[in-house]
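A quick note: this is a predicted structure, and the numbers were derived from the prediction, not measured. Atoms considered below: every heavy atom in the structure, side chains included; atoms not considered: hydrogens, waters and symmetry mates.
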Amino acid sequence: MKRLNRLLTLFILMFPVVFVQAQETEHSVAREWNELCLEAIRGDFARPTVHARNLFHSSAAMYDAWAAYEASATPYYLGNTIKGFDIPFEGVPIPDDKIAAQEEAISYAAYRLLSYRFQDSPQAFISQQRFNFLMSQLGYDINITSTNYLDGTPAHLGNYIAEKIIEFGQQDGSNEANEYGNQYYEPINPPLVMDDPGNPDIIDPNRWQPLSLTTFVDQSGNPLTENPPFLSPEWGNVAGFALADSVQTTYSRDDNDYHVFHDPGEPPFLDTMTASDLEDPYKYGFAVVVTWSAHLDPSDGVMWDISPNTIRR
């Protein structure tokens, strides 16, 4: 009995979202896959730009799987050319049980795409087990891998959608093949060693400087063995879905282009050529932060709850 209890506890820890969802059948299939996508993100490296892309691609995959069976809906990827990438689609027959077909296609599309995107995650094994478990819970066979949607099988359509979005993502400018690494951006300042006093080696205070820490743990709780790089400085090169080229500004540096959308303009820079006091906006901004921070007292007994629980709708 004790061994059974331990196994049940392990099961709940490994599959918390699915365990709850099994009792909440009013949720749609798309909602269940969205929950697992969010859970996989929590177990991956903290990289908001990458996961914004994952969230959109998975949502668009599920939408297309639904829209393929709706005469009044227009798929986003299927049958369209997105940023120069063509995704052929000849349509599917509408089955008698349209909702069942949509749920099946949605599940296979989400399963294949999420399995691919999180295969190198620090918690890849746990995430994959969750994906597998939900497919089993829904009664779908993960060994169905055909992409021949023309035969009318919803699972094949889902696999086809995932396959095409994966191919699209391999050429959308994200550098997915190299773990989304920066391709040409390099900091000019050497890392600031946090264990040492001062910052004697800085070259340009108006440019970004990496931090060197003895131990670094990201926001998802993953320990990193190298200094964290600048997060996605080239992400303007990635094929987007909501920002028009008309709101894009392109900057060039060292013969490389950086695309910025809704550019707010340059921040205040430190005047490195002339001596100045607080009339320098850069110095003034930091002085204000220091001044107001001096009013903070951790022993004053005041506790501010800034958790999502404080949000009132």
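- Considering all non-hydrogen atoms of both residues, V238 and S174 come closest at CG2-CA, 3.7 Å.
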Test side-chain contact (heavy atoms from CB on, under 4.5 Å) applied to M135 and S107, step by step: CA-CA 7 Å; M135 288 291 280; S107 294; 4.0 Å; yes
Derivation of the side-chain contact (heavy atoms from CB on, under 4.5 Å) call for N199 and N189: CA-CA 10 Å; N199 193 3; N189 289 313; over 6 Å; no
Trace of the side chain to side chain donor-acceptor pair (under 3.5 Å) decision for T272 with N206: CA-CA 9 Å; T272 59; N206 289 316; 5.0 Å; no
Worked verdict on Y77 versus H57 for side-chain contact (heavy atoms from CB on, under 4.5 Å): CA-CA 10 Å; Y77 283 108; H57 285 177; 3.2 Å; yes
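- Partners of T153 by side-chain hydrogen bond (donor to acceptor under 3.5 Å, both in side chains), not counting sequence neighbours, listed by chain and number: D151.
- Under the 4.5 Å side-chain criterion, counting only non-hydrogen atoms from C-beta, Q248 is not in contact with L243.
- Aromatic ring centroids of Y184 and Y258 lie under 6.0 Å apart.
- A heavy-atom distance below 4.5 Å is not found between the side chains of P229 and Y185.
- Not counting sequence neighbours, the partners of S307 by the side-chain hydrogen bond (donor to acceptor under 3.5 Å, both in side chains) test are D305.
- There is no side-chain donor-acceptor pair under 3.5 Å between N256 and D254.
- Following chains of ILVMFWY side-chain contacts shorter than 4.5 Å, one cannot reach F230 starting from V260, and the two form parts of different hydrophobic clusters.
- Rounding to the nearest 0.5 angstrom, the gap separating the CD1 atom in I144 from the CD atom in E104 is 6.5 Å.
- T215 places none of its side-chain heavy atoms less than 4.5 Å from the side chain of P223.
- With N227 contributing its side chain and P191 its backbone, the two residues share no donor-acceptor pair below 3.5 Å.
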Steps toward side-chain contact (heavy atoms from CB on, under 4.5 Å) verdict (V50, W235): CA-CA 9 Å; V50 171; W235 208 251; 4.0 Å; yes
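- Taken from CD in E226 to OG in S212, the straight-line distance is 11.5 Å, to the nearest 0.5 Å.
- Taking CG of L157 as the reference point, atom OG of S146 lies at 11.0 Å (rounded to 0.5 Å).
- Across all their heavy atoms, W66 and A73 have their closest contact at CZ3-CB, 3.6 Å.
- Looking at residues two or more places apart in sequence or on another chain, you find a salt bridge (charged side-chain N to carboxylate O under 4.0 Å, His left out) between R117 and E176.
- Nearest heavy atoms, C37 versus L55: SG-CD2, 3.9 Å.
- The hydrophobic cluster containing F286 also includes L270, Y282, under a criterion of side-chain heavy atoms closer than 4.5 Å among ILVMFWY residues, counted directly or through chains of members.
- Residue pairs meeting the side chain to side chain donor-acceptor pair (under 3.5 Å) criterion with at least one member in residues 80-93, sequence neighbours excluded, are T81-D86.
- Heavy-atom minimum distance, A68 versus V92: O-CG2, 3.6 Å.
- For the atom pair CG of N182 and CD of E234, the computed distance is 4.5 Å after rounding to the nearest 0.5 Å.
- Note on Y180 and I41: separate hydrophobic clusters, where clusters join Ile, Leu, Val, Met, Phe, Trp and Tyr whose side-chain heavy atoms are under 4.5 Å apart, directly or indirectly.
- In this structure, I165 CD1 and I87 CD1 are separated by 6.5 Å, a value rounded to the nearest 0.5 Å.
- For D44, the salt bridge (charged side-chain N to carboxylate O under 4.0 Å, His left out) partners at least two apart in sequence or on another chain are R47.
- Other members of a hydrophobic cluster containing V193 are absent, since no ILVMFWY side chain comes under 4.5 Å of it, directly or through relayed contacts.
- Within 6.0 Å of the OH atom in Y284, the count of heavy atoms belonging to other residues, nucleotides or ligands does not exceed 12.
- For Y76 and Y63, the ring centers are positioned 6.0 Å apart or more.
- Every side-chain hydrogen bond (donor to acceptor under 3.5 Å, both in side chains) that Y111 has, sequence neighbours left out, goes to Q128, N132.
- The shortest non-hydrogen separation linking A46 to D218 is N-OD2, 3.0 Å.
- Within a 6.0 Å sphere centred on CD of E279, other residues, nucleotides and ligands contribute more than 12 heavy atoms.
- The minimum heavy-atom distance between L278 and A287, with the atom names listed, is CD2-CB, 3.7 Å.
- Apart from F269 itself, the hydrophobic cluster it occupies contains nothing, where clustering links Ile, Leu, Val, Met, Phe, Trp and Tyr at side-chain heavy-atom distances under 4.5 Å.
- No side-chain heavy atom of L138 sits less than 4.5 Å from a side-chain heavy atom of E103.
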Stepwise ring pair (Phe, Tyr, Trp, His ring centres under 6.0 Å) check, Y149 with F89: CA-CA 9 Å; Y149 70 89; F89 181 59; 5.2 Å; yes
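- In I99, the CD1 atom is not crowded: 12 or fewer heavy atoms of neighbouring residues, nucleotides or ligands sit closer than 6.0 Å.
- Qualifying salt bridge (charged side-chain N to carboxylate O under 4.0 Å, His left out) partners for K98, counting only residues two or more places apart in sequence or in other chains: E70.
- For S232, the side-chain hydrogen bond (donor to acceptor under 3.5 Å, both in side chains) test picks out T49, with sequence neighbours left out.
- Taking the side chain as every heavy atom from C-beta outward, K164 and Y160 approach each other to under 4.5 Å.
- The closest side-chain heavy-atom distance from M62 to W33 is below 4.5 Å.
- Side-chain contact between P48 and L231: present, with at least one pair of heavy atoms (C-beta onward) separated by less than 4.5 Å.
- Using a 4.5 Å heavy-atom cutoff, the side chains of D172 and R53 are in contact.
- With values rounded to the nearest 0.5 angstrom, I188 atom CD1 is found 12.0 Å from W208 atom CH2.
- H51 and N54 form a side-chain donor-acceptor contact under 3.5 Å, judged by distance and modelled atom types alone.
- Under the 4.5 angstrom side-chain criterion for Ile, Leu, Val, Met, Phe, Trp and Tyr, the cluster partners of F216 are F45, L192, M194, L211, L213, L224.
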